[in-house]
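Quantities reported herein were computed from a predicted structural model and do not represent experimental measurements.
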Amino acid sequence: MGDLQPISAALEALLVDVSVIGVESVPLEAAAGRVLAEAVTAQLDVPPFDNSAMDGYVLRAADAGQWLPVSQRIAAGTQAKALAPGSCARIFTGGEIPTGADCVVMQERVQVDGDRALMPADIPTGDNVRRQGRDVRQGSILLDAGERLEAAALGHLAGQGITQVSVRRRPRVALLSTGDEIIEPGTPLKPGQLYNSNRPMLRRLLENFGAEVVSTVSVPDDYARTVALLTAAAAEADLVVTTGGVSVGEEDHVKAALEAIGQLDMWKLAIRPGKPLALGRLPRNDVSQARFVGLPGNPVSGFVGAWLFLRPLLGAMLGCPALTSLPAVTAKAGFATSTGPREHYMRVTLEFTPSGVTATAFEDQNSGVLSSCINADAFAVIPANSDIAEGDAISCLWLAC
């Protein structure tokens, strides 16, 4: 076990000399999940004018506590006239606050008699008024480069009238599955064969992490074919991901092929599950390289490796800080366990209570039990050579895309 590399060293090697992907312009309606390539400066105040936070009556606070004539009706989307002195106006949510008015009283507090309305007393200035620029000021930074465009950020851009946005191109990923025993769903199983559970699982994770999977290839247990398929994958992709073939068996050809045509940066990690994981580079042409991540073939090992290594690598390629590390939370262990010389990443669910967070581990943590990942909220990170008792404080990495 002495030759196993720590996770910290692997992550450091993974992110050395990562180049940020190029830029493209896309319609705002197609920008969901994309990473902003440059900061956006606000061109408008939001809201662009003082407006009412509710349906009611708008007036001067100084006129509160008396009957006032209703001088106009202000619906959202219409331009208000200046408020006549000593009067009020019927106003609806989003309606423009007229010049001369400084507060809104909700309609439930107002007594109406024909074209007059009795205002309650002691209405504070500014009550129920949404001030111009309260959310965004013209000239301020609306969103920083590297922001991932999810729902609220998209709404923020739309509120400025923006229809096109400059984003990072999605990193192109070639996903290769190795092993003669691995076949695709839909094909009848023969003795000794397994369906490829890694491919759809990893494709979904890669896409959630901001990548575009440009090819999926099955690689036979043959050294020459492995070399040829890795070479072809590197020519079309920014990142080549393989499953299986990176251990020391006679039919494991990926590591040897990588060393023959590219560069092996790291192999065999002090991690459970996922020890036989390889990191490196493959030549794309005379001046550039494709990154390479060789994940173990066991599905849980691939799942864990994707979160720990593919996510931060793609985050660095996209210039997206939010993807480069998983959020950590301290929890109480709802289980007991002991570890050997490898750091253990246990699949757990998290329960949040007034007394704190409790992590409950899936009962069977074997690397072939993919059901342990389905409802997992986090990885409980158990250091090497540790004894954890129920109730001990542990660190968990939240599985957030």
Listing, residues 393-401 side-chain donor-acceptor contacts under 3.5 Å, not counting sequence neighbours, or none:
none

I'd like a table of donor-acceptor pairs (distance under 3.5 Å, sequence neighbours excluded) in which one partner is a side-chain atom from residues 97-110, with atom names and distances.
residue: Asp102; atom: OD1; partner: Ala61; partner atom: N; Å: 2.7
residue: Gln107; atom: OE1; partner: Arg90; partner atom: NH1; Å: 3.2
residue: Gln107; atom: OE1; partner: Arg90; partner atom: NH2; Å: 2.8

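- Here the side chain of Arg168 pairs no donor or acceptor atom with the backbone of Val35 at under 3.5 angstrom.
- In terms of modelled atom types and a separation under 3.5 Å, the side chain of Gln43 and the main chain of Thr41 share a donor-acceptor contact.
- Dense packing is recorded around CZ of Arg60, with more than 12 heavy atoms of other residues, nucleotides or ligands lying under 6.0 Å away.
- When ring centroids are compared, Tyr345 and Trp307 stay outside the 6.0 Å threshold.
- Neither side chain, Asp377 nor Thr349, offers a donor N or O lying under 3.5 Å from an acceptor on the other.
- In this structure, Trp267 and Leu277 have side chains that are not in contact, with every pair of non-hydrogen atoms separated by 4.5 Å or more.
- Looking at Leu295 and Ser301, their side chains never come closer than 4.5 Å, going by heavy atoms from C-beta outward.
- In this structure, CZ on Phe49 lies 9.0 Å from CZ on Arg130, to the nearest 0.5 angstrom.
- In this structure, Pro171 and Ile21 have side chains that are in contact, with non-hydrogen atoms separated by less than 4.5 Å.
- A donor-acceptor pair under 3.5 Å is absent between the side-chain atoms of Asp45 and the main chain of Pro47, judged by distance alone.
- Checked by atom type, the side-chain pair Ser25/Gln164 shows a donor-acceptor distance below 3.5 Å.
- Residues Val18 and Leu313 have side chains in contact (heavy-atom distance under 4.5 Å, counting atoms from C-beta outward).
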Under 3.5 Å, side-chain donor or acceptor atoms of residues 225-236 against the rest of the protein: list the pairs with distances, not counting sequence neighbours.
residue: Thr226; atom: OG1; partner: Asp222; partner atom: O; Å: 2.7
residue: Thr231; atom: OG1; partner: Val227; partner atom: O; Å: 2.8
residue: Glu236; atom: OE2; partner: Ser215; partner atom: OG; Å: 2.8

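- Classification of Lys268 and Asp3 as a salt-bridged pair holds, one side-chain N sitting under 4.0 Å from a carboxylate O.
- The structure places CG of Leu15 at 10.0 Å from CE of Met317, a figure rounded to the nearest 0.5 Å.
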